[in-house]
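Below is one structure, written out as structure tokens, with a few remarks after it.
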Amino acid sequence: QVQLVESGGGLVQPGGSLRLSCAASGSIFSRDIMGWYRQAPGKERELVASVTNFGNTNYADSVKGRFAISRDNSKNTVTLQMNSLKPEDTAVYYCNAVGRGDFLAWGQGTQVTVSS
């Protein structure tokens with residue numbers, strides 16, 4: 001099975017930026033839609049951004065205009081550029097396919113903390 005490794009998280013002040021990277025150990029081409037999810041303490045995991053093999057993107061209203069997702073199937077990577085970060089963006093961020101039947105094993109995620 002393909003493994004997913006997220007990286008790039010950290011502590012950032014409100015208004016700052018982070019670039020998250022998801023590296024897959026194998027091809028993600030078969031996953032038509034890849035996405036970034038996040039989970040804050042005590043809350044369920046939520047999908048915040050997705051991208052198709054055609055490059056079509058979709059975003060949760062809470063991050064629209066601030067986040068940008070992209071994928072490079074040749075490198076088996078998915079990237080999330082996060083700008084204008086807010087404290088409510090604080091969460092552990094994960095990447096995975098969108099659609100239960102396409103899910104890969106969850107990685108460890110990467111912690112994003114937005115605080116002054």
Side-chain angles (χ1 to χ4, degrees):
Q1 178 64 289
V2 172
Q3 276 72 54
L4 301 170
V5 179
E6 301 93 345
S7 63
L11 175 64
V12 64
Q13 294 184 335
S17 298
L18 284 173
R19 189 178 187 90
L20 306 184
S21 180
C22 171
S25 63
S27 177
I28 58 171
F29 177 76
S30 63
R31 272 64 184 177
D32 290 332
I33 310 176
M34 291 292 295
W36 279 94
Y37 302 75
R38 69 185 182 189
Q39 186 169 27
K43 295 188 175 183
E44 293 185 349
R45 205 188 314 261
E46 63 172 338
L47 179 67
V48 297
S50 64
V51 58
T52 73
N53 274 324
F54 294 99
N56 302 112
T57 59
N58 193 49
Y59 301 92
D61 288 340
S62 59
V63 307
K64 202 168 296 182
R66 300 188 297 118
F67 291 8
I69 187 172
S70 61
R71 68 190 290 172
D72 187 339
N73 288 343
S74 68
K75 297 179 180 179
N76 297 318
T77 58
V78 186
T79 298
L80 185 67
Q81 178 66 48
M82 307 187 297
N83 300 318
S84 302
L85 284 163
K86 303 175 180 180
E88 50 263 46
D89 295 319
T90 296
V92 178
Y93 284 71
Y94 305 84
C95 66
N96 214 322
V98 177
R100 183 178 291 107
D102 287 333
F103 281 173
L104 297 163
W106 294 101
Q108 294 299 303
T110 185
Q111 176 72 50
V112 172
T113 302
V114 184
S115 176
S116 59

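These values consider heavy atoms only, across backbone and side chains, with no hydrogens, waters or symmetry-generated copies. Quick caveat: nothing in here was measured; it's all calculated off a predicted structure.
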Q: Can you see which heavy atom on Y59 is nearest to which on A49, and at what distance?
A: CD2-CB, 3.6 Å

Q | Spacing of D102 atom CG and N96 atom CG [to the nearest 0.5 Å] | A | 9.5 Å

(Q) I'd like to know whether L20 forms a side-chain contact (heavy atoms from CB on, under 4.5 Å) with E6, so could you lay out the CA-CA distance, the side-chain angles of the two residues, the decisive distance to 0.1 Å, and finally the verdict. (A) CA-CA 7 Å; L20 306 184; E6 301 93 345; over 6 Å; no

Q: Indicate if Y94 and L47 have the same hydrophobic cluster label, given that clusters are the connected sets of ILVMFWY residues with side-chain heavy-atom separations under 4.5 angstrom.
A: yes

Q: May I ask you to test the S27-N73 pair for a side-chain heavy-atom distance under 4.5 Å?
A: no

Q | Co-membership, hydrophobic cluster, residues L85 and Y37, 4.5 Å side-chain | A | no

**Q.** Within one Ile-Leu-Val-Met-Phe-Trp-Tyr cluster: L80 and V51, side-chain cutoff 4.5 Å
**A.** yes

(Q) Show the nearest heavy-atom pair for residues S17 and S84, with the distance to one decimal. (A) OG-N, 4.3 Å

Q.
Looking at E46, I'd like to know if its CD atom is crowded, meaning that more than 12 non-hydrogen atoms belonging to other residues, nucleotides or ligands lie closer than 6.0 Å.
A. yes

Q) Above 12 or not: heavy atoms from other molecules or residues under 6.0 Å from NZ of K64? A) yes

Q. Between atom OG of S50 and atom CD1 of I33, what is the distance when rounded to the nearest 0.5 Å?
A. 6.0 Å

Q: Work out which heavy atom in Q1 is nearest to a heavy atom in S25; give both atom names and the distance.
A: O-OG, 4.2 Å

Q | Shortest non-hydrogen separation from V2 to A24 and the atoms involved | A | CG1-CB, 3.7 Å

Q: Could you tell me if the ring centre of W36 sits under 6.0 Å from that of F67?
A: no

Q) Distance from T52 atom OG1 to R71 atom CZ, nearest 0.5 Å? A) 7.0 Å

Q | Value rounded to 0.5 Å, distance of OH in Y93 from OG in S7 | A | 15.0 Å

Q) Does atom CD of E44 have more than 12 heavy-atom neighbours, drawn from other residues, nucleotides or ligands, at distances under 6.0 Å? A) no

Q. Does G9 offer a backbone N or O that forms a donor-acceptor pair with the side chain of Q111 under 3.5 Å?
A. no

Q) In terms of hydrophobic clusters joined by side-chain contacts under 4.5 Å, are W106 and V92 together? A) yes

Q | Carboxylate-amine/guanidinium contact D89 K86, below 4.0 Å | A | no

Q. Hey, what do you get for CG (N53) to CE (M34), rounding to the nearest 0.5 Å?
A. 10.0 Å

Q) What's the spacing between R19 CZ and N83 CG if we round to 0.5 Å? A) 9.5 Å

Q: Answer yes or no: does atom CZ of F103 have more than 12 heavy-atom neighbours from other residues, nucleotides or ligands under 6.0 Å?
A: yes

Q.
Which heavy atom of L18 sits nearest to which heavy atom of Q81, and what is that distance?
A. O-NE2, 3.6 Å

**Q.** In one Ile/Leu/Val/Met/Phe/Trp/Tyr side-chain cluster, 4.5 Å: I69, L4
**A.** no

